[in-house]
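Here is the structure we will look at, set down as structure tokens.
Heavy atoms only: backbone and side chains are in, while hydrogens, waters and symmetry mates are out.
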Amino acid sequence: MNIVSGSYIDLKGALMIDGGYEWAEHQLREFIALIEETKKFRGSTKDAVARVKQEVPVVRQILLRLDPELAGFKTGGLAIWDKALDAAHAGIGAIKAATEVERRMGPSLPQTDLGALHPTVAGAARKSFSREDYSQAVSIAAEQVVQEARSRTGRTDLVGIDVWRQAFSSSPPSAGAPRLRWPGDPSDVDVRNMNEGLRDLAAGLQRTVRNTSAHHPDAGISREEAIERLAALSLLATFVERCEMISASDFSEGAVDAPS
């Protein structure tokens, strides 16, 4: 796809101008074709999978505008991409429905405050948030971000903060224990800061945002507090999506941070 990623708000606006839906359908069809081409050759190179992943942020934003529930598809191995295919096909169907409805009834109404958040967070929180159950919205969204990290690393044996401790551990990956790493040269000071910061950020949000909401669901928080906490989770979800997964087979000396 020849497209520059913008903010979620920019892309929502893009669907409202002339040709926006046509543009969105074109991006979804190219995404589908790219996945199908990659799946056709099982055991394809990491570069082929990487090309698909590069398109995920834009596709998620398009689907978020069309139907937030579609934007929550998982990414990973070839089998998991089937869900992304289903979401993209459903998005094309939503475009066809929306263009006909808008032709007859005019543009859709603006979305809620969650529209600018990462789709993993917005999709998980939307129903509870719309019911004004803000504490539950935060709890569900936080849990979904953890699940995304579990899915990326395949560590279904872990729960809670242990997911983050293992995902961002400074130790090299080992068999059955891959790591998430910020892309770039690990010796670069900015990359090192991101990797170290993500260990602290993920664990901190797990304790301060997820655990407080999950352990005290009746405590209640305001709409403004919920939006602040969801925004923090959205940032973490964006960082997790941008990280590369490093497995033991990928690891070579100097490829990831040395244990500190």
For [X] and [Y], which heavy atoms make the closest approach, and how far apart are they?
{"X": "Ala124", "Y": "Gln144", "result": "CB-CB, 3.8 Å"}
{"X": "Phe168", "Y": "Leu180", "result": "CD2-O, 3.5 Å"}
{"X": "Lys96", "Y": "Glu25", "result": "NZ-OE2, 3.7 Å"}
{"X": "Ala231", "Y": "Leu117", "result": "CA-CD2, 3.8 Å"}
{"X": "Ile221", "Y": "Ser135", "result": "CG1-N, 3.8 Å"}
{"X": "Ala248", "Y": "Pro173", "result": "N-CB, 3.8 Å"}

Got a donor-acceptor contact below 3.5 angstrom from the [X] side chain to the [Y] backbone?
{"X": "Asn193", "Y": "Val189", "answer": "yes"}
{"X": "Ser234", "Y": "His118", "answer": "yes"}
{"X": "Glu225", "Y": "Ser222", "answer": "yes"}
{"X": "Thr212", "Y": "Val209", "answer": "yes"}
{"X": "Asn195", "Y": "Trp182", "answer": "yes"}
{"X": "Thr208", "Y": "Gly204", "answer": "yes"}

State, yes or no, whether a side-chain contact exists between [X] and [Y] at a heavy-atom distance under 4.5 Å.
{"X": "Ile92", "Y": "Ile32", "answer": "yes"}
{"X": "Met194", "Y": "Asp190", "answer": "no"}
{"X": "Leu201", "Y": "Phe239", "answer": "yes"}
{"X": "Leu28", "Y": "His89", "answer": "no"}
{"X": "Pro119", "Y": "Gln61", "answer": "no"}
{"X": "Gln206", "Y": "Asn211", "answer": "yes"}
{"X": "Tyr134", "Y": "Leu230", "answer": "no"}
{"X": "Asp86", "Y": "Phe73", "answer": "no"}

Gap between atom [atom2] of [Y] and atom [atom1] of [X] - 0.5 Å precision:
{"X": "Ser170", "Y": "Arg199", "atom1": "OG", "atom2": "CZ", "answer": "5.0 Å"}
{"X": "Arg179", "Y": "Ser169", "atom1": "CZ", "atom2": "OG", "answer": "4.0 Å"}
{"X": "Leu64", "Y": "Leu114", "atom1": "CG", "atom2": "CG", "answer": "9.0 Å"}
{"X": "Leu70", "Y": "Asp67", "atom1": "CG", "atom2": "CG", "answer": "4.0 Å"}

Do Arg150 and Gln147 meet the criterion of a side-chain donor-acceptor pair at a distance under 3.5 Å?
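Arg150 vs Gln147: donor-acceptor pair found between side chains.
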Indicate, with yes or no, if [Y] and [X] share a hydrophobic cluster defined by side-chain heavy-atom contacts under 4.5 Å among Ile, Leu, Val, Met, Phe, Trp and Tyr.
{"X": "Trp23", "Y": "Val56", "value": "yes"}
{"X": "Val58", "Y": "Phe31", "value": "yes"}
{"X": "Val145", "Y": "Leu235", "value": "yes"}
{"X": "Leu85", "Y": "Ile62", "value": "yes"}
{"X": "Ile227", "Y": "Leu236", "value": "yes"}

Test side chain to side chain contact (heavy atoms under 4.5 Å, CB included) on Arg155 and Val163 and set out the steps.
CA-CA 7 Å; Arg155 295 303 305 269; Val163 175; 5.8 Å; no
Please evaluate residues Thr153 and Gln166 with respect to the criterion side chain to side chain contact (heavy atoms under 4.5 Å, CB included), reporting the C-alpha separation (whole Å), side-chain torsions for both, the decisive distance (0.1 Å), and the verdict.
CA-CA 9 Å; Thr153 59; Gln166 288 296 315; over 6 Å; no
Any salt bridge linking [X] with [Y]? Criterion: basic side-chain nitrogen under 4.0 Å from a carboxylate oxygen.
{"X": "Arg223", "Y": "Glu132", "result": "no"}
{"X": "Glu69", "Y": "Arg126", "result": "no"}
{"X": "Arg60", "Y": "Glu241", "result": "yes"}
{"X": "Arg152", "Y": "Glu148", "result": "no"}

How about CD on Glu143, more than 12 heavy atoms from neighbouring residues, nucleotides or ligands closer than 6.0 Å, or not?
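Enclosed: over 12 neighbouring heavy atoms sit under 6.0 Å from CD of Glu143.
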With side chain to side chain contact (heavy atoms under 4.5 Å, CB included) as the criterion, how do Val59 and Gln27 come out once you've worked through the C-alpha distance, each side chain's angles and the decisive distance to 0.1 Å?
CA-CA 7 Å; Val59 170; Gln27 307 309 315; 5.6 Å; no
Passes side chain to side chain contact (heavy atoms under 4.5 Å, CB included), Arg181 versus Val191? Steps please.
CA-CA 9 Å; Arg181 293 288 186 267; Val191 174; over 6 Å; no
Walk me through it: do Glu22 and His26 pass the test side chain to side chain donor-acceptor pair (under 3.5 Å)?
CA-CA 6 Å; Glu22 181 179 353; His26 177 70; over 6 Å; no
